[in-house]
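These notes are about the structure you will find just below.
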Amino acid sequence: MQQNKRPMKELTNSQTIVKVQTTHQHYPIHIGQSLDTIGLLIDYLCHASKHNTRHAGRHNTRHAGRQAVLHIICDKMVYQHYGQAMEAGLTNANITYHLHHVPLIGEKAKSIAIYEQMLEKILASGIDRSHVIAAWGGGVVGDLAGFIAGTILRGVRLIQIPTTLLAQVDSSVGGKTGINMQAGKNLVGVFYQPEMVLIDCRFLASLPTRQLQAGYAEIAKYGLINDAAFFDWLQESGKRLLARDADALLYAIETSCRMKAAIVNQDEREAGIRAWLNLGHSFGHGLEKLAGYDGDILLHGEAVAIGIGMAFDYAEQIGKCKSGTAQIVKAHFTDLGMVMNPHQLALKVALNADNLLEAMRYDKKNYDESFTLILPQKIGKVEVVTGIDASTLHRYLSVILDIRL
Ligand code: GLY
């Protein structure tokens with residue numbers, strides 16, 4: 001896949017637009033330090049029909065010329081830091097808005113109960129089909145708000161305003177939405193593309209380092225699945241990025257968004273290469289389930305990092321990947337202060353092949369009672385491996401859970 005990279009210095013203080021172009025929709029991802037979020041929102045709300053293909057008939061006719069009402073589904077911490085500025089901007093611009101705070105922080109908010117609570121609240125505030133939902137927060141808020149936008153009144157327009165690194169490089173782009181169930185992670189949801197993604201790196205200033213590291217795992221994933229040169233760059237620049245160097249962050253965010261957009265453009269519904277983006281996720285989702293979706297124990301991105309290490313270990317064990325590759329990948333994450341040994345997690349159960357296999361069972365990629373894994377052939381190349389039976393997976397889980405760094 002051809003990546004259109006730009007030199008870092010060009011990015012400083014500029015705004016980049018990456019385009020997502022699926023079969024039925026196209027939308028911009030605005031990336032930049034100088035992004036004027038409020039200004040773009042105003043422009044969007046006042047000229048909605050120009051951007052809107054999914055709802056083209058509806059907005060070009062019935063709602064044309066009307067300024068839409070905004071429903072902001074918002075993370076409490078984000079509101080604490082940036083709420084005043086956002087509200088002042090919206091008020092100054094004469095935008096009618098409703099703020100709906102998500103009552104819980106972390107994966108626990110992606111539940112049926114919170115989904116229902118939020119729906120009732122938004123309906124009570126008088127939403128109609130001309131209104132727009134904005135997801136303002138990290139991946140959890142984006143997934144939950146996206147599912148709400150895709151289902152309320154059979155779908156209203158959606159803007160993603162991601163505030164964590166993970167959401168900026170992965171979850172806000174591509175239209176995956178959903179909530180977690182007892183049986184597993186993200187098992188209920190819809191594909192529902194936003195009409196705009198607004199990435200303002202200034203939100204990262206207040207992000208805890210742990211969250212930054214979690215987002216880094218998804219950035220490294222892009223290099224590992226499809227771009228060895230980008231992984232080389234990360235090996236040189238990862239520390240600078242985690243020290244919040246603006247140029248390094250912008251370059252990594254833009255490269256990630258370009259790759260995500262290119263993959264989603266080819267395979268919106270994950271019939272093929274979009275599954276690559278799940279490198280490390282089958283193992284990671286299993287660990288998150290064993291952690292009870294408790295972000296104090298394990299964040300999604302942390303689970304992905306450990307899962308990536310396990311995928312490389314697994315691939316080496318079955319001879320798919322050259323011996324020593326897993327060590328390079330795991331050493332990179334460890335060097336950046338990330339936990340790679342799943343036994344170090346404060347899980348409430350003693351981790352073993354039995355409980356991890358069980359926790360991995362309900363994954364959307366699995367079918368016919370067999371497992372599907374995304375496994376690396378080398379750094380920069382992965383493949384989708386289907387039809388792995390439970391006893392084979394169990395055997396190799398026992399082996400890789402015994403590997404120590
Ligand atoms: N986060 C993986 C995907 O969007 O497909």
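Read the numbers this way: they start at 1 and go in the same order the structure lists the ligands and their atoms. Here the structure is a predicted model, which means the values were calculated and not measured.
The protein heavy-atom contact nearest to atom 4 (O) of ligand 1 is K260 NZ, 2.5 Å. Ranking protein heavy atoms by distance to atom 5 (O) of ligand 1, first place goes to R274 NE, 2.7 Å.
For Y192 and F147, the ring centers are positioned 6.0 Å apart or more. Checked against the 6.0 Å centroid threshold, Y362 and H285 do not count as a close aromatic pair.
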Solution key, residues 373-388 side-chain donor-acceptor pairs under 3.5 Å, sequence neighbours excluded:
| unit_1 | atom_1 | unit_2 | atom_2 | d |
| --- | --- | --- | --- | --- |
| Q377 | NE2 | E383 | OE2 | 3.0 |
| E383 | OE2 | K320 | NZ | 3.0 |

Could you go through residues 115-127 and list every donor-acceptor pair under 3.5 Å that involves a side-chain atom there, pairing it with any protein atom two or more places apart or in another chain?
| unit_1 | atom_1 | unit_2 | atom_2 | d |
| --- | --- | --- | --- | --- |
| Y115 | OH | T151 | OG1 | 2.8 |
| S125 | OG | I122 | O | 2.6 |

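Looking at ligand 1, you won't find any N or O of H281 less than 3.5 Å from one of its N or O atoms. An N or O contact shorter than 3.5 Å is missing between N278 and ligand 1 by distance.
None of Q193, K176, Q25, Q21 except one satisfies the side chain to side chain donor-acceptor pair (under 3.5 Å) rule with E268; the exception is Q193.
Numbered from 1 in the order shown, with element, the atoms of ligand 1 that lie under 4.0 Å from a heavy atom of D170 read 1 (N), 2 (C).
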